[in-house]
Structure formats: C-alpha cells, structure tokens
Amino acid sequence: MLLFCPGCGNGLIVEEGQRCHRFACNTCPYVHNITRKVTNRKYPKLKEVDDVLGGAAAWENVDSTA
C-alpha cells in the first residue's frame with residue numbers, strides 16, 4: 001500500500017516516531033502518526049476464461065482411427 005503526501009504529492013514513508021510509527025514525507029515537513037492498524041484490500045474482478053480449442057464443436061470433423 002502506498003500513500004501520498006497531501007502537501008506535495010510524493011510517496012510517504014513509514015518511520016519510527018517517539019511513541020508510535022508514523023507516515024512522513026521526505027521532501028516536506030508532513031508527519032502523520034499511525035494510531036491504529038492500516039489495511040487495504042482490493043479483489044480484482046477476474047476475466048472469464050474462453051475455450052482454447054473452441055469447445056466440443058472443434059472435434060466434430062477431425063480424423064480418427066478405428
């Protein structure tokens with residue numbers, strides 16, 4: 001998970017503060033203390049799988065042996 005600084009837009013880093021961990025910006029003086037668990041889950045929508053060989057109809061006119 002990557003959070004961005006509201007002041008300058010750069011990516012925030014996690015550093016250890018005096019009492020807790022905190023988000024800090026490398027280029028500006030923005031600091032935000034982390035006081036609770038931060039999570040972010042995203043479940044992408046999977047694409048439907050197509051038949052590679054065309055399904056059952058692809059085998060109708062193929063050569064076969066006895």
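Predicted, not measured: the structure shown is a model, and the values here were computed from it.
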Asker: Identify whether Tyr30 and Val14 are in the same connected component of the hydrophobic contact network (ILVMFWY, side-chain heavy atoms under 4.5 Å).
Answerer: yes
Asker: To the nearest 0.5 Å, what is the distance between CG (Leu12) and SG (Cys28)?
Answerer: 8.0 Å
Asker: Can you tell me how far apart CG (Asn10) and OG1 (Thr27) are? Round to the nearest 0.5 Å.
Answerer: 4.0 Å
Asker: With a 4.5 Å cut-off on side-chain heavy atoms, are Ile34 and Phe23 touching?
Answerer: yes
Asker: Could you work out, with side-chain hydrogen bond (donor to acceptor under 3.5 Å, both in side chains) as the rule, every residue matching Ser64, not counting sequence neighbours?
Answerer: none
Asker: Would you indicate whether the side-chain heavy atoms of Glu15 and Arg22 approach each other to under 4.5 Å?
Answerer: yes
Asker: Who pairs with Asn26 by side chain to side chain contact (heavy atoms under 4.5 Å, CB included), at least two apart in sequence or on another chain?
Answerer: Ile13
Asker: Using the side chain to side chain contact (heavy atoms under 4.5 Å, CB included) criterion, which residues pair with Phe4? Sequence neighbours excluded.
Answerer: Leu2
